[in-house]
A.B. asks: 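Below: one structure in structure tokens.
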Amino acid sequence: MAISYFDNGWNITLNNILDINTKNDTTDYKTGNFYYLDATAAKTVDRFTVGIIGNYTKQISDDKINGQTVAAVDGLNSEGSRVEHVLIGPLLGYDFGSFSVTGRFLYSVHAENDQDNSFIHLGFTVPIHF
């Protein structure tokens, strides 16, 4: 479920996602379920868009193998291996008219039971007219 506010060049969006996982029948491993929140606060002026973005990821149930909760491994993961991430960063975009380009940088401020990665995303949007 996403909630957005658009007015006078502003885009304020909260996008909520619930990811329900099923068991892998080959390995008998079931990754826990996840909740994701993507947040955007951006302002478009003329052809430029600037803003701030963020992501919160929280695994809300344990990983299981053979029906049992995954055990803790010292220095690698806690019992259940529940993942959690918090990322935040800037957004910058430009509309060229026939296409637009948007760059996003998400800096990791917290990671648990997973890699502590920051990343850059570059997107190109081309409208399709029918």
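Along the sequence shown, the residues carry numbers beginning at 1. Here the structure is a predicted model, which means the values were calculated and not measured.
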A.B. asks: Would you say R47's side chain and D95's backbone share a donor-acceptor pair under 3.5 angstrom?
C.D. replies: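 Indeed, once roles are kept as given, a pair shorter than 3.5 Å links the two residues.
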A.B. asks: For I65, is there any backbone N or O sitting under 3.5 Å from a side-chain donor or acceptor partner on K23?
C.D. replies: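 Answer holds: no.
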A.B. asks: T69 and E79: which non-hydrogen atoms are nearest, and at how many Å?
C.D. replies: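 Closest pair (atom of T69, atom of E79, distance): CG2-CG, 3.9 Å.
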A.B. asks: Quick one: CG on L106 to CD1 on I53, what's the gap to the nearest 0.5 Å?
C.D. replies: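 The distance works out to 4.0 Å.
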A.B. asks: For residues N11 and T44, is any side-chain donor paired with an opposing acceptor at under 3.5 Å?
C.D. replies: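 T44 and N11 do not have a side-chain donor-acceptor pair below 3.5 Å.
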A.B. asks: Using 0.5 Å steps for rounding, measure from the CG atom of L18 to the CG atom of N33.
C.D. replies: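 Answer rounded to 0.5 Å: 6.5 Å.
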A.B. asks: Walk me through whether E84 and Y56 qualify under side chain to side chain donor-acceptor pair (under 3.5 Å).
C.D. replies: CA-CA 8 Å; E84 185 174 56; Y56 174 70; 2.9 Å; yes
A.B. asks: In Å and rounded to the nearest 0.5 Å, what is the CD to CG distance from E112 to N77?
C.D. replies: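 One finds 10.5 Å between CD of E112 and CG of N77.
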A.B. asks: I'd like to know whether Q68 forms a side chain to side chain donor-acceptor pair (under 3.5 Å) with N66, so could you lay out the CA-CA distance, the side-chain angles of the two residues, the decisive distance to 0.1 Å, and finally the verdict.
C.D. replies: CA-CA 6 Å; Q68 301 297 312; N66 300 318; over 6 Å; no
A.B. asks: Does the side chain of H85 pick up a donor-acceptor pair with the side chain of D114 at under 3.5 Å?
C.D. replies: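 The criterion, which ignores hydrogens and geometry beyond distance, is satisfied for D114 and H85.
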A.B. asks: Looking at every heavy atom in both T27 and N24, which two are closest together, and how far apart are they?
C.D. replies: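 Answer, listing the atom of T27 first, then N24: N-OD1, 3.2 Å.
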A.B. asks: Ignoring hydrogens and angles, tell me if any N or O in the side chain of N113 forms a donor-acceptor pair with the backbone of S78 under 3.5 Å.
C.D. replies: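 A pair under 3.5 Å: yes.
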A.B. asks: Let me check something: do Y35 and L14 share a hydrophobic cluster, defined by ILVMFWY side-chain heavy atoms less than 4.5 Å apart, either directly or through other members?
C.D. replies: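 Shared cluster, yes.
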A.B. asks: Is the side chain of D63 donor-acceptor paired with the backbone N or O of G32 at a distance under 3.5 Å, no angle test?
C.D. replies: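 Yes, because the side chain of D63 sits within donor-acceptor range (under 3.5 Å) of the backbone of G32.
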A.B. asks: Starting at CZ of F105, measure out to CZ of F119 and round the result to the nearest 0.5 Å.
C.D. replies: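 Answer rounded to 0.5 Å: 9.5 Å.
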A.B. asks: Ignoring hydrogens and geometry, is there a side-chain-to-backbone donor-acceptor pair from Q59 to S61 under 3.5 Å?
C.D. replies: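 Checking the backbone N and O of S61 against the side chain of Q59, a donor-acceptor pair under 3.5 Å is found.
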A.B. asks: Can we say D62 and R82 salt-bridge, meaning some charged N sits less than 4.0 Å from an Asp/Glu carboxylate O?
C.D. replies: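 Result for this pair is yes, salt bridge flagged.
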A.B. asks: Can you find a side-chain donor-acceptor pair between S108 and D116 that sits under 3.5 Å?
C.D. replies: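 Side chains of S108 and D116: pair found under 3.5 Å.
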A.B. asks: For D38 and Y36, what are the C-alpha separation, side-chain angles and deciding distance, and is it a side chain to side chain donor-acceptor pair (under 3.5 Å)?
C.D. replies: CA-CA 7 Å; D38 290 319; Y36 302 94; over 6 Å; no
A.B. asks: Taking I120 as the starting point, is it possible to reach V86 by hopping between hydrophobic residues whose side chains are less than 4.5 Å apart?
C.D. replies: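 V86 clusters together with I120.
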A.B. asks: Between G103 and L122, what is the shortest heavy-atom contact and its length?
C.D. replies: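 The answer is CA-CD1, 4.2 Å.
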A.B. asks: With rounding to the nearest 0.5 Å, note down the distance linking CD1 in I88 to CD1 in I52.
C.D. replies: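 Reported to 0.5 Å precision, the distance equals 4.0 Å.
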A.B. asks: Would you say OH of Y94 has more than 12 non-hydrogen atoms from neighbouring residues, nucleotides or ligands within 6.0 angstrom?
C.D. replies: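 Check passes, neighbour count above 12.
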A.B. asks: Roughly how far, to the nearest 0.5 Å, is the CG atom of L91 from the OG1 atom of T102?
C.D. replies: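 Going from the OG1 atom of T102 to the CG atom of L91 covers 6.0 Å.
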A.B. asks: With F34 as reference, evaluate I20, I17, N21, I60 under the side-chain contact (heavy atoms from CB on, under 4.5 Å) test and give the passing residue.
C.D. replies: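 Looking at I20, I17, N21, I60, the match for F34 under the side-chain contact (heavy atoms from CB on, under 4.5 Å) is N21.
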A.B. asks: Ring-plane angle category for F96 and F99, please: parallel below 30°, perpendicular beyond 60°, tilted otherwise.
C.D. replies: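 The arrangement is parallel - the two ring planes meet at less than 30°.
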